[in-house]
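What follows is a single structure, written as structure tokens, with notes after it.
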Amino acid sequence: MQIARVVGTVVATQKHGSFVGAKLLLVQPVAPDDTPRGGTLLAVDGVGAGVHERVLIVIEGRAAGEAVGRKGAPVDAAIIGIIDSVDVEA
Amino acid sequence: MQIARVVGTVVATQKHGSFVGAKLLLVQPVAPDDTPRGGTLLAVDGVGAGVHERVLIVIEGRAAGEAVGRKGAPVDAAIIGIIDSVDVEA
Amino acid sequence: MQIARVVGTVVATQKHGSFVGAKLLLVQPVAPDDTPRGGTLLAVDGVGAGVHERVLIVIEGRAAGEAVGRKGAPVDAAIIGIIDSVDVEA
Amino acid sequence: MQIARVVGTVVATQKHGSFVGAKLLLVQPVAPDDTPRGGTLLAVDGVGAGVHERVLIVIEGRAAGEAVGRKGAPVDAAIIGIIDSVDVEA
Amino acid sequence: MQIARVVGTVVATQKHGSFVGAKLLLVQPVAPDDTPRGGTLLAVDGVGAGVHERVLIVIEGRAAGEAVGRKGAPVDAAIIGIIDSVDVEA
């Protein structure tokens, strides 16, 4: 799993049937100190996250499908938690 | 999922049986501001996308197989939506 | 599988139901000589590992789900062993 | 899926039982204009491809297993088509 | 699949139950001309490989689980063959 920050939203009216009703968020993976790491990606929201929140994401199809409660959904990334704190030990 | 732009097509007459009839598009993953990111790849079209359109792609086998409605298809990338707008919040 | 060092912990009170009770650790993948390799990631602990320990991790959804004994859990990385020694032959 | 060029062969007499009889080809992923991209990899041939041909490959376990008609085969890359032409639109 | 050279061993006494008895080898992925490519990783041995041998590895969970004959094993890399020769055509 990765730490990411929600940075935006995406609208796609014409999409695969199993996606209808799903919320797609644009997320930026970040390091524990919140610096960006790599490019943004799109994740299906499984926990009701909002823009600017720091979230826990899975980047893998089987896991993401489970996260949104639909095994057969064509998703490869999902938000599975909202992070309260990250503690890095020296 | 990733944002990508459809940039071309591929013809392969001799191919795996489960691919017959499938439309293969060459897509270029892009950042939210439309700058290219990484190399192009081939995705099976699951929504009727055309060249120059900005699309939503899954890059993972299980998800891609679901996207084209054939669990047993040997695909690892698929177009699952056509993007209307991307909104990045400051 | 990769060698990693446990470097911290993460707290996420609002998370996917199947994660309740799971311990999430922040791990830094390392080379056999213990130098960091790439960025940190979050792994579900399947063996009772602690901060500063050198561990064996799987980074893949199916494997990680098996590791934590829950096939349907939305996880993509898990700690599956605590490393005693690494022997590199010249 | 990726475009690749077949550049060689590999012989491995001692191998996993499910591989006996399978043809393993060394392939070089390439860009649409045929320039190499990244390192070579080994793919199981599912369509009767030969050295120097430009092929369509899947790089993912589930998809590759389907491609060679053996769900339980331990493969993570397969050749699933022979490419006739790639058309990139301006 | 990738070509790799076995470069060492790892001992982990405290590990996930399904790993008990499995042999874990440290492998270095290599190019066809035997130059190292990327970092080392740990693979479960499915064919009786030894240190210094050049092997065929799968790097993907489903395939690796099949390779070691245990679908439910939390593994993401496995040695599936011992390479006799690699032939790159000009």
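Throughout, a chain's letter reflects where its sequence line sits, starting with A, and its residues are numbered from 1.
- Screening residues 6-34 of chain C for salt bridge (Lys or Arg N to Asp or Glu O under 4.0 Å) gives C/Arg5-C/Asp34, C/Lys23-C/Asp45 as the qualifying pairs, with residues at least two apart or on separate chains.
- Contacts with chain C were tallied for A/Ile83, A/Val55, A/Ile79; A/Ile83 has the most, counting heavy-atom pairs under 4.5 Å.
- The closest donor-acceptor contact from the side chain of A/Asp84 to the backbone of C/Thr13 lies under 3.5 Å.
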**OP:** In sequence, state the C-alpha distance, the side-chain angles, and the governing distance for C/Val6 and A/Glu89, and then conclude on side-chain contact (heavy atoms from CB on, under 4.5 Å).
**Re:** CA-CA 9 Å; C/Val6 181; A/Glu89 305 215 3; over 6 Å; no
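- Pairing each heavy atom of C/Leu24 with each of A/Leu56, the nearest pair is CD1-CD2, 3.5 Å.
- The two residues C/Val44 and A/Met1 come nearest to each other via the heavy atoms CG2-CE, 3.5 Å.
- Of the listed residues C/Val51, C/Leu26, C/Thr9, the one with more heavy-atom pairs under 4.5 angstrom with chain A than any other is C/Thr9.
- Contacts with chain A were tallied for C/Ala78, C/Gly39, C/Ala43; C/Gly39 has the most, counting heavy-atom pairs under 4.5 Å.
- Counting only heavy atoms from C-beta outward, the side chains of A/Ile3 and C/Thr40 never approach each other to under 4.5 Å.
- The residue from C/Val10, C/Leu42, C/Val11 that alone fulfils the side-chain contact (heavy atoms from CB on, under 4.5 Å) condition with A/Val86 is C/Val10.
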Original post:
Yes or no on side-chain contact (heavy atoms from CB on, under 4.5 Å) for A/Val88 and C/Gln28, after CA distance, side-chain angles and deciding distance?
Top reply: CA-CA 11 Å; A/Val88 181; C/Gln28 168 66 59; over 6 Å; no
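- In this structure, the separation between CD1 on A/Ile59 and CD1 on C/Ile59 is 11.5 Å, given to the nearest 0.5 Å.
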